[in-house]
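The next block holds one structure in the form of structure tokens; read it before the comments.
Only a predicted model underlies this, so the values are computations on that prediction, with no experimental measurement involved.
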Amino acid sequence: MEVRFVTRNVELPGDIKDYMEKKLFKIEKFFDRILDTQVALNYKRGMNVVEITSNVNGVVMRGEDYAPDLRKAFDKALKNIERQVKKHKSYLTDKARMKVQDISFDIDPELIPAPAIERDEPVREIVKRKKFSVDVMTPIEATMQMDLLGHSFFLFKNDETGAINVVYRREEGGYGLLEPK
């Protein structure tokens, strides 16, 4: 996780900066996909204002609080971020637990192609097989799950249509959705 500090109208002593960095790295124990965090420190109307903005794998979370003491303001803002990170993580895990279904892919024997005639083409061999459960979710939730896993595609059962779909990351940017006819 990358941590940036932005100060306005306040000086940040080295010991307090070390304290803040140490505390910020501890929130990674709740969720390990926190990409970067920015801590903005400001002094307004006799109060220290601390604003923490974290990019949690594409989801921006923000906590702001104020106090006369810089450490207290930081601790209160950090509690807001911790609460949001825990809530986001439990949302993702609860959603996955509630909607997991075992899907069987029955293929009509008539659709299986006849054995190929020998040619001078390279042999296409499947070297790994993996079985997993398919979760029921919306395409947006599937893209979030794909990003959290760090994959370039994700197979899911579409909550809206009931069909098996695939979302994928496009090279041009954005996402694609594959749907059966």
Side-chain angles (χ1 to χ4, degrees), residues 1-4 21 23-39 51-63 77-181:
M1 170 174 64
E2 179 186 337
V3 179
R4 291 184 315 275
E21 284 179 336
K23 289 276 210 170
L24 285 168
F25 284 111
K26 284 187 177 179
I27 63 173
E28 283 190 312
K29 70 181 177 185
F30 302 119
F31 197 74
D32 62 350
R33 292 206 175 260
I34 300 173
L35 303 176
D36 67 336
T37 300
Q38 177 176 308
V39 180
E51 178 186 316
I52 303 172
T53 307
S54 291
N55 181 351
V56 181
N57 207 33
V59 179
V60 177
M61 298 185 183
R62 186 177 166 277
L78 187 63
K79 282 192 188 297
N80 291 337
I81 292 289
E82 284 178 3
R83 188 186 75 250
Q84 290 176 35
V85 168
K86 287 177 185 177
K87 186 176 178 182
H88 181 66
K89 183 177 181 179
S90 68
Y91 166 77
L92 292 174
T93 54
D94 288 350
K95 195 87 169 159
R97 274 193 211 123
M98 289 173 49
K99 296 196 174 189
V100 171
Q101 294 182 358
D102 291 327
I103 306 293
S104 66
F105 295 97
D106 295 328
I107 299 174
D108 187 0
E110 295 175 7
L111 297 176
I112 297 174
I117 301 170
E118 285 189 36
R119 297 182 194 142
D120 291 337
E121 293 180 19
V123 177
R124 290 179 172 44
E125 180 182 352
I126 297 174
V127 294
K128 182 178 179 182
R129 291 182 187 268
K130 186 175 183 181
K131 292 185 179 188
F132 57 94
S133 58
V134 178
D135 301 336
V136 177
M137 60 184 69
T138 65
I140 299 299
E141 291 170 333
T143 58
M144 288 175 54
Q145 190 69 31
M146 177 182 69
D147 287 339
L148 288 170
L149 293 171
H151 293 165
S152 58
F153 68 93
F154 189 78
L155 180 78
F156 68 102
K157 183 173 182 182
N158 194 322
D159 190 28
E160 299 157 0
T161 64
I164 300 297
N165 292 168
V166 175
V167 290
Y168 62 95
R169 186 173 296 109
R170 295 177 49 90
E171 289 181 8
E172 300 86 31
Y175 299 97
L177 175 66
L178 300 176
E179 298 177 297
K181 288 184 182 179

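- Contact check for Phe156 versus Val136: no side-chain heavy atoms found under the 4.5 Å cut-off.
- Residues Val167 and Tyr175 form no side-chain contact, since every pair of their non-hydrogen atoms from C-beta on lies 4.5 Å or further apart.
- Note that CD1 of Ile81 and OG1 of Thr53 are 6.5 Å apart. Values are rounded to the nearest 0.5 Å.
- Under the 4.5 Å side-chain criterion, counting only non-hydrogen atoms from C-beta, Pro139 is in contact with Asn158.
- Here the straight-line distance linking atom NZ of Lys87 with atom CD of Glu82 works out to 15.5 Å at 0.5 Å rounding.
- Between Thr143 atom OG1 and Arg169 atom CZ the span is 9.5 Å, to the nearest 0.5 Å.
- Side chain of Glu2 to backbone of Leu35: no donor-acceptor contact under 3.5 angstrom is found.
- Counting only heavy atoms from C-beta outward, the side chains of Val166 and Leu177 never approach each other to under 4.5 Å.
- Under the 3.5 Å distance criterion, the side-chain polar atoms of Ser54 are left unmatched by any main-chain donor or acceptor of Val56.
- The pair Asp36-Arg4 meets the salt-bridge criterion, since a charged nitrogen lies less than 4.0 angstrom from a carboxylate oxygen.
- Counting heavy atoms from C-beta on, the side chains of Thr37 and Asn55 never come closer than 4.5 Å.
- With rounding to the nearest 0.5 angstrom, the CG atom of Leu24 is 6.0 Å from the CG atom of Leu78.
- Nearest heavy atoms, Ile164 versus Pro180: O-CD, 3.2 Å.
- Counting heavy atoms of neighbouring residues, nucleotides and ligands inside a 6.0 Å radius, atom CZ of Phe25 exceeds 12 of them.
- For the pair Val85 and Met61, the minimum side-chain heavy-atom distance is below 4.5 Å.
- Going from atom CG of Asp159 over to atom CE of Met137 covers 9.5 Å, rounded to the nearest 0.5 Å.
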Original post:
Please walk me through it: do Glu160 and Thr138 pass side-chain contact (heavy atoms from CB on, under 4.5 Å)?
Top reply: CA-CA 7 Å; Glu160 299 157 0; Thr138 65; 4.3 Å; yes
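- Counting heavy atoms from C-beta on, the side chains of Arg170 and Tyr168 come closer than 4.5 Å.
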